[in-house]
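Note: hydrogens, waters and symmetry copies are ignored here, and every other heavy atom, side chains too, is used. Just so you know, ligand 1 is whichever comes first in the structure, and atom 1 is the first atom listed for that ligand. One is the number of the first residue; the rest follow in order along the sequence.
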Amino acid sequence: MSALLELKNVKKHFPLKSEKILSRDKPMLKAVDGISLSVKSGETLGLVGESGCGKSTAGRVALKLLEPTEGEIWFKGEDITNYKGEQLRKLRKEMQIIFQDPYASLNPRKTIEQTLAEPMKIFGMPKVERIKRIDYLLDVVGLSSYHKRRYPHEFSGGQRQRIGIARALSLEPELVICDEPVSALDVSIQAQVINLMEELQDEFNLTYIFIAHDLSVVHHISDRVAVMYLGKIVEVGESNELYTNPQHPYTQALLSAIPETNIHKEKERVILKGDLPSPANPPAGCKFHTRCPFAEEICRLQEPGLKTVSEGGQMAACHFAKEVMMEKVLT
Ligand code: SF4
């Protein structure tokens with residue numbers, strides 16, 4: 001599989017309001033602080049972390065809905081970092097997003113037909129084709145053409161997310177960023193929507209970046225998983241390997257919080273100290289050191305880079321990853 005999307009040392013900093021307007025060092029909120037990622041064609045990359053870790057911002061920067069502060073974005077072998085105007089408009093056809101809250105993302109005053117037709121109209125699709133495609137899209141997401149004259153409030157949460165998915169697929173994109181697509185849905189509906197997304201991925205050869213804080217859902221759908229903490233990727237690897245052998249203490253803590261379904265197995269919970277520090281004033285050295293149960297002096301002084309920790313290509317940003325970490329856990 002070749003890389004469809006690549007982020008190279010991407011940063012997204014937002015200026016904060018400050019009384020020291022004349023100061024050269026204006027305070028910045030470092031939502032994304034230098035991430036590099038490669039997403040292969042046809043795969044699902046899960047992006048996980050606590051609320052406020054920068055995962056949604058990273059997704060929006062990848063789609064060019066937000067301009068990066070620094071770094072490069074490559075799509076299908078082309079540097080799209082500085083795409084604007086017509087170039088960007090054409091790119092929109094190939095990259096789409098599914099939002100967390102399907103109700104808020106649908107215009108309440110437009111019928112489903114009008115909502116689905118909108119992107120096709122913008123790209124000049126003739127009316128006859130639009131009508132056919134809307135019927136087709138409603139069918140593939142498990143609704144029917146009978147629904148197209150209705151308004152968003154007439155649907156359940158699960159149905160509204162199916163409409164959101166149909167809209168994302170309307171222009172036959174290659175990459176879809178799924179930003180917490182099931183977290184607003186009842187648990188019973190989540191599985192249906194996830195199964196639908198998997199079926200559509202096979203049918204249309206879609207590439208997903210699946211952003212979520214629910215690690216069980218991410219494990220189910222992802223080929224690879226990247227874990228974010230305070231705007232950085234702290235661990236990335238093949239999904240099963242990362243879930244069975246997490247190397248970064250933050251990943252270990254997140255995984256230990258997943259409820260154990262096997263009643264005969266006991267699970268040791270890793271409790272993190274304190275709250276997530278502010279991305280406007282992140283700790284020096286390893287950003288995780290204020291909460292890490294294994295932190296040592298070097299962690300406060302030196303930021304660890306991502307390094308390969310397994311033959312399968314798993315990478316972790318911790319001074320004590322791999323064997324040393326295992327020793328620490330055992331002692
Ligand atoms: Fe913890 Fe140190 Fe590893 Fe950071 S570098 S995760 S503080 S042990």
* Asked: Parallel under 30°, tilted from 30 to 60°, perpendicular over 60°: which one fits the rings of Y151 and H153?
  -> parallel
* **C318 near atom 2 (Fe) of ligand 1: N/O/S under 2.8 Å** => no
* Which of the atoms in ligand 1, numbered in the order shown and given with their element, are less than 4.0 Å from a heavy-atom of C292? -> 1 (Fe), 6 (S), 7 (S), 8 (S)
* Asked: Which residues satisfy the ring pair (Phe, Tyr, Trp, His ring centres under 6.0 Å) test with H213, sequence neighbours excluded?
  -> none
* In plain terms, say whether E118 and K121 are close enough for a salt bridge, that is, a side-chain N and a carboxylate O under 4.0 Å apart. => no
* **ligand 1 versus H248: contacting region, heavy-atom distance under 4.0 Å** => side chain
* **Sequence neighbours excluded, every pair satisfying ring-ring contact (aromatic ring centres under 6.0 Å, His included) that has a member inside residues 172-212** => none
* Carboxylate-amine/guanidinium proximity below 4.0 Å for R291 and E50 -> yes
* Do any of the N/O/S atoms of C286, backbone or side chain, fall under 2.8 Å from atom 4 (Fe) of ligand 1? -> yes
* F320: numbered ligand 1 atoms lying under 4.0 Å from its heavy atoms -> 8 (S)
